[in-house]
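Start at 1 with the first residue, then count along the sequence.
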Amino acid sequence: MKAYFCLFSLLIFLIACDSTEKARSADADKPRTELTQVAGDTAAMPSGYSVVDTIPAIDSIVFEEPKNPLEYMTIEEKSMIDEINLLRADPQAYARFVDEYLQMVVTDQSMDDDIKRNKMAAAGKLIIDLQTIEPLPALLPHYKLYLVAKMHGQDMAVMKKVDPIGSDGSHPFQRIHDGAGLDGSENLVFGYTSIRKTILSILIEGGEVTDNQKLNLLDPQWEFIACYEAGAIGDKNHVWVQLTGFALEEILDEDVEIIENTIVEDIDAGEIEVIQPTVVLGNGARYSFLTMEEKEMINEINLLRSNPSGYIRFVDDYSE
């Protein structure tokens with residue numbers, strides 16, 4: 001009897017050893033990037049971690065922009081970009097949507113006659129304009145630009161008003177430059193449920209604001225775009241934040257020139273002052289969207305800013 005008991009105990013021991021060896025082999029075969037268990041004294045943990053069951057391997061903690069725009073945009077936001085690119089890619093073909101809008105206005109019995117006449121005139125003019133506009137490159141979705149648009153949209157919701165100036169006093173170009181590293185512009189749009197009707201309202205409904213928004217959508221210098229649907233803000237429904245931009249480039253040698261030192265002699269004080277060289281815009285392609293007069297205006301302002309005291313002589317010349 002005792003012999004049977006010994007044999008049974010030996011069999012149990014051998015089975016247990018075999019299970020332990022298999023478990024060790026399985027652990028050895030696991031990939032090294034698998035989550036690592038945290039245990040022991042919390043004081044020995046790296047700074048920034050709290051007591052958790054697992055932490056990822058260090059090389060797996062990375063920030064990566066979504067490869068697919070739909071990972072961060074809604075279907076409506078993607079559709080807004082598609083509609084803008086449809087307008088830019090073939091303005092002449094887009095004129096037929098304007099014609100459909102025009103027919104709708106003509107048959108709308110509830111619309112005030114003066115408003116109807118104004119919209120019909122604006123739509124007719126737009127059709128003619130679209131026939132002459134050359135196709136423009138498609139605008140590419142930009143993740144960081146989208147984050148800037150979303151930030152401002154949420155900020156306006158907190159302020160309960162639609163305003164290009166943020167609650168921190170920031171302006172659109174500041175937010176775009178600091179948040180996305182681009183030079184760009186912003187449209188704040190009061191739209192409709194329909195994406196196309198929203199774009200048509202920008203193109204047709206008159207006023208200085210929508211005229212500027214139209215020019216912004218059709219500006220050939222833009223490369224990137226972001227559209228954030230902010231929703232209802234204050235008394236406005238279907239508010240959109242549309243940002244456009246282009247990549248900042250290093251100023252090329254052919255884009256700048258240095259004005260020569262200008263010696264200013266103050267006869268009364270018996271002193272001679274040298275105005276330091278000032279960087280001014282040249283004729284490079286980077287500034288091709290500016291006219292010569294616009295460049296000269298910027299250059300003159302920079303000359304004044306670079307040495308106000310030296311600019312006094314020009315004021316004296318003006319006063320004589």
Side-chain angles (χ1 to χ4, degrees), residues 65-101 104 122-123 126 129-130 133 135-157 162-164 166 172-173 175-176 179-180 182-207 209-234 236-246:
E65 292 187 13
K67 294 182 174 60
N68 183 354
L70 283 177
E71 292 183 34
Y72 62 86
M73 288 192 295
T74 66
I75 295 295
E76 290 75 16
E77 290 165 348
K78 179 65 166 58
S79 297
M80 177 64 79
I81 294 178
D82 290 341
E83 190 71 17
I84 293 171
N85 279 332
L86 179 61
L87 165 66
R88 289 172 61 92
D90 198 340
Q92 296 178 4
Y94 204 86
R96 72 182 182 89
F97 301 126
V98 182
D99 185 59
E100 292 172 2
Y101 176 91
M104 179 190 68
L126 176 62
D129 291 343
L130 290 177
I133 297 176
L136 298 170
L139 300 174
L140 302 176
H142 193 283
Y143 179 59
K144 290 183 179 179
L145 196 61
Y146 178 83
L147 295 181
V148 175
K150 183 176 182 179
M151 176 195 70
H152 187 53
Q154 294 176 342
D155 187 34
M156 290 190 300
V162 179
D163 197 323
F173 70 91
R175 295 190 294 268
I176 294 171
L182 303 175
D183 194 354
S185 185
E186 176 184 76
N187 280 353
L188 298 181
V189 178
F190 311 143
Y192 300 89
T193 304
S194 166
I195 298 294
R196 179 158 296 161
K197 189 175 180 181
T198 297
I199 295 299
L200 288 172
S201 70
I202 295 175
L203 298 175
I204 296 171
E205 295 178 5
V209 173
T210 53
D211 283 347
N212 290 336
Q213 291 172 346
K214 176 177 66 176
L215 293 174
N216 205 16
L217 294 181
L218 295 170
D219 194 323
Q221 71 176 321
W222 304 133
E223 301 172 7
F224 304 106
I225 189 171
C227 294
Y228 174 70
E229 187 178 15
I233 297 178
K236 306 295 183 183
N237 294 316
H238 307 293
V239 177
W240 284 85
V241 182
Q242 299 174 340
L243 299 185
T244 47
F246 59 79

Thr244 side chain near Phe224 side chain, heavy-atom distance below 4.5 Å: no
Nearest-0.5 Å distance, OG of residue Ser201 to OH of residue Tyr192: 5.5 Å
Does one side chain, of Glu77 or Tyr72, offer a donor that lies under 3.5 Å from an acceptor on the other? no
Okay, side chain of His142, backbone of Leu182: is any donor-acceptor separation there less than 3.5 Å? no
Please walk me through it: do Ile81 and Leu139 pass side chain to side chain contact (heavy atoms under 4.5 Å, CB included)? CA-CA 8 Å; Ile81 294 178; Leu139 300 174; 5.7 Å; no
State, with a plain yes or no, whether a side-chain heavy atom of Val241 is found less than 4.5 Å away from one of Leu243. yes
What's the separation between atom CG in Leu145 and atom CD1 in Ile225, rounded to the nearest 0.5 Å? 8.5 Å
What's the verdict on side chain to side chain contact (heavy atoms under 4.5 Å, CB included) for Asp183 and Ile176, showing C-alpha distance, side-chain angles and the deciding distance? CA-CA 7 Å; Asp183 194 354; Ile176 294 171; over 6 Å; no
Where do Asp219 and Arg88 come nearest, in terms of heavy atoms and distance? O-NH1, 3.0 Å
Minimal heavy-atom distance between Ile195 and Trp240, with the atoms involved, is CD1-CZ2, 3.6 Å
Side chain to side chain contact (heavy atoms under 4.5 Å, CB included) between Tyr228 and Met151, intermediate numbers included: CA-CA 9 Å; Tyr228 174 70; Met151 176 195 70; over 6 Å; no
Answer whether the closest heavy-atom distance between the side chains of His238 and Thr193 falls below 4.5 Å. yes
In terms of heavy-atom contacts, Thr198 and Met80 come closest through CG2-CE, 4.0 Å
For a quick test of reading the model, state the closest non-hydrogen atom pair linking Arg175 to Pro164 and the distance between them. NH2-O, 2.8 Å
Gln242 and Leu217: which non-hydrogen atoms are nearest, and at how many Å? OE1-CD2, 3.7 Å
To the closest 0.5 Å, what do you measure between SG (Cys227) and CE (Met73)? 8.0 Å
Hey, are the side chains of Met104 and Glu100 touching, using non-hydrogen atoms and a 4.5 Å cut-off? no
Between Leu200 and Lys197, is any pair of side-chain heavy atoms under 4.5 Å apart? no
For Lys144 and Gly179, the nearest pair of non-hydrogen atoms, with its separation, is CB-O, 3.8 Å
Taking the side chain as every heavy atom from C-beta outward, state whether Lys150 and Val148 have any atom pair closer than 4.5 Å. no
Do Leu86 and Phe97 have side chains that approach each other closer than 4.5 Å (heavy atoms only, starting at C-beta)? yes
Distance, nearest 0.5 Å, that separates CG of Asp99 from CG of Leu130: 11.5 Å
For the atom pair CG (Asn216) and CG (Asn187), what is the distance rounded to the nearest 0.5 Å? 4.5 Å
Is it true that a side-chain atom of Asp155 and a backbone atom of Gly166 form a donor plus acceptor pair closer than 3.5 Å? no
Checking Glu83 against Tyr94: is there a side-chain donor and acceptor pair closer than 3.5 Å? yes
Under a 4.5 Å cut-off applied to non-hydrogen side-chain atoms, are Leu188 and Val239 in contact? no
Counting only heavy atoms not in Lys214, do more than 12 fall under 6.0 Å of its NZ? yes
Parallel, tilted or perpendicular: which one describes the rings of Phe246 and Trp222, with boundaries at 30° and 60°? parallel
Residue list, salt bridge (charged side-chain N to carboxylate O under 4.0 Å, His left out) with Asp129, at least two apart or on another chain: Lys125
Identify, with sequence neighbours excluded, every residue that meets salt bridge (charged side-chain N to carboxylate O under 4.0 Å, His left out) alongside Glu229. none
Just how far is it from atom CG of Asp90 to atom CD1 of Ile133, taken to the nearest 0.5 Å? 11.0 Å
